[in-house]
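Report on one structure; see the data block that follows.
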Number of protein chains: 2
Amino acid sequence: MRPRVAPSPDLSSSLSACIARRGLKSTRQRQAILGAFLASSGHVTVVDLLARARAADPGVSPATVYRTLRLLAECGLAKPQRFHGSPTMYEIVAGREHHDHLVCTRCGRVVEFEDARIERLQTAVARARGFTVTSHRMELYGLCRLCRPARPGRKAGSAGRRSRAKRR
Amino acid sequence: MRPRVAPSPDLSSSLSACIARRGLKSTRQRQAILGAFLASSGHVTVVDLLARARAADPGVSPATVYRTLRLLAECGLAKPQRFHGSPTMYEIVAGREHHDHLVCTRCGRVVEFEDARIERLQTAVARARGFTVTSHRMELYGLCRLCRPARPGRKAGSAGRRSRAKRR
DNA sequence: CCGGATTTTGAGACGCACTCTCAACTACGC
DNA sequence: GCGTAGTTGAGAGTGCGTCTCAAAATCCGG
Ligand SMILES: [Zn+2]
Ligand SMILES: [Zn+2]
Ligand SMILES: [Zn+2]
Ligand SMILES: [Zn+2]
C-alpha cells in the first residue's frame with residue numbers, strides 16, 4: 001500500500017513538508033546533512049554522515065548532525081539502529097518496509113531481511129504471553145560469506161572489504 | 001523440561017572453580033555480589049545489584065560490581081542483556097537454555113520465551129544469505145497484560161508511549 | 001603464624017556517545 | 001530592511017561504564 005519511492009528528490013520534499021508543518025526552518029546545514037543521508041546507502045553512523053555532509057558544506061557541526069538525525073527520525077525519514085558493538089546507525093526509512101538485520105561480526109557488513117513467517121510467530125508468541133507487541137528488534141550476528149574462515153579457493157579481500165573499522 | 005536446579009551452592013562453587021583456574025582470589029566483595037546475584041531472580045541492573053550486595057556487605061563499590069559482573073560473564077555465570085531504554089541487565093545463565101525476551105515498554109517487566117520454530121527460521125534465513133550465525137538477539141517490545149489499556153471502546157495506545165516506570 | 005608476592009579494591013579520572021545551554025547567527029514573512 | 005523566532009557551534013553536562021593507582025586484602029611457602 002505504500003507507493004515505492006526511489007530514493008530521490010521526493011524525500012527531501014517530504015522533509016520540507018515536515019519542517020514546514022512544524023514551523024521550522026530550512027537551513028544550509030540541514031540540506032547538507034539530508035543530502036548526505038539520502039546519498040548514502042545502507043546504514044550510516046553519525047561520524048560517517050558528518051564527514052559526508054562536510055564534504056558538501058564544511059560548516060556542519062556534530063551537534064547539528066545529531067539534531068538533524070533526530071528530526072529526520074521524527075519526520076519518519078530515518079530510523080536509528082543500535083547494533084551490538086558499534087555506535088548507532090541510521091537508515092533511510094521512507095517508503096521501505098519493515099526488516100531485520102544480519103550483521104557480520106568481523107567486517108561489519110549489514111544485510112537486511114524480512115521473513116513473514118518469523119514475524120507471524122513473534123506476534124503469536126507474544127499474544128500467548130499476554131503481550132501486545134508494538135515493535136521488535138531482531139539481529140542475527142555471525143560471519144558473512146566473505147568473512148567465513150578458510151574456504152579454499154575463495155578470496156575474501158578484494159571486492160568486499162567494507163570500511164567499518166570498529167574498535168572496542 | 002530442564003531439571004530445575006534451585007539457584008544454589010552449585011553455582012557459587014562454579015565461580016570458585018573459575019576463580020581458582022585463573023589464579024584469582026576470593027574476596028568478601030565477590031561473595032556478596034555473587035550472593036546477591038544468585039538470590040535475585042530475573043534481570044538485574046548494576047544499581048539493583050549494588051544495593052542488594054551492600055545489604056549483605058556495605059563495603060562494596062560500584063566499580064567492583066561492574067568488575068565482578070564481567071568476571072561472572074567470563075565464567076559463564078551471567079549474561080548481559082541490553083534492552084532498549086534501560087541500562088544493561090544481567091541474568092543468571094548457568095544451566096539455563098537460550099531464550100529471547102518480551103519487554104513491556106510501560107512497566108519494564110521482562111518475560112522470557114523460546115520458540116524453536118523461530119530459531120530454525122532464523123538459521124535458515126541467515127544461511128540463505130550466506131551468513132553463519134553465531135548469536136542473535138530478539139526482543140519484542142509492547143504492553144504486558146497488566147499495562148494494556150482496558151479498551152473502553154477506543155484504541156488508546158498508539159505506538160509512542162514513552163513513559164519509563166522503573167520496576168522494583 | 002609471618003612475610004612478601006600478587007591480586008583486589010575504592011575513589012576518582014577518563015572515555016564514549018550523546019544531549020543540553022547559550023550567545024551569536026540565520027531564515028523568512030512583512 | 002526589520003524583527004522575531006528558529007538554528008547553530010562550542011563547550012559543558014550526563015549516563016554508563018572502564019581505567020588508573022595507591023592502599024588493602026588474599027594466599028602461599030616457610
Ligand atoms: Zn563479513
Ligand atoms: Zn536496515
Ligand atoms: Zn507492563
Ligand atoms: Zn532472560
Distance, rounded to the nearest Å, where A/R82 contributes CZ and C/dC16 contributes C1': 13 Å
Residues clustered with B/V93, ILVMFWY side-chain links under 4.5 angstrom: none
Residues B/E139, A/R137: salt bridge by 4.0 Å N-O rule: yes
Positions of residues 60-74 of chain A (non-hydrogen atom under 4.0 Å from DNA chain D), listed by number: A/V60, A/S61, A/T64, A/R67
Whole angstrom value for the distance that separates C1' of D/dC16 from CZ of B/F83: 17 Å
Pairing residues for B/E112 by the salt bridge (charged side-chain N to carboxylate O under 4.0 Å, His left out) criterion, not counting sequence neighbours: B/R96
Which residues share a salt bridge (charged side-chain N to carboxylate O under 4.0 Å, His left out) with A/R22, sequence neighbours left out: A/E74
Residue list, side-chain contact (heavy atoms from CB on, under 4.5 Å) with B/T134, at least two apart or on another chain: none
All disulfide bond (SG atoms under 2.5 Å apart) counterparts of B/C144, not counting sequence neighbours: none
Atom pair distance, as rounded to whole Å: CD1 in A/I19 and P in C/dG29: 13 Å
Phosphate OP1/OP2 of D/dC16: any B/T88 side-chain N/O under 4.0 Å: no
Closest-nucleotide 5' rank along DNA chain D - winner of A/G23 and B/V46: A/G23
Footprint string (nucleotides 25-30 of chain D, 5' to 3'): B base within contact, S backbone only, - free, heavy atoms under 4.0 Å: -BS---
Distance flag, aromatic centroids of B/H84 and A/H136, threshold under 6.0 Å: no
A/R28: salt bridge (charged side-chain N to carboxylate O under 4.0 Å, His left out) partners, not counting sequence neighbours: A/D57
Nonpolar side-chain network containing A/V125, other nodes, edges under 4.5 Å: A/L102, A/V111, A/F113, A/I118, A/L121, A/F131, A/V133, A/M138, A/L140, B/L102, B/V111, B/F113, B/I118, B/L121, B/V125, B/F131, B/V133, B/M138, B/L140
Interatomic distance where CG belongs to B/L50 and C1' belongs to D/dG15 [whole Å]: 16 Å
Terminal axes of the helix from C/dC1-D/dG30 to C/dC30-D/dG1 (five pairs each): angle between them, nearest 10 degrees: 20°
Side chain to side chain donor-acceptor pair (under 3.5 Å) partners of A/D115, counting only residues at least two apart: A/R117
Whole-Å gap separating P (D/dG17) and CG (B/D48): 12 Å
Results of disulfide bond (SG atoms under 2.5 Å apart) for B/C75 - residues two or more places apart only: B/C18
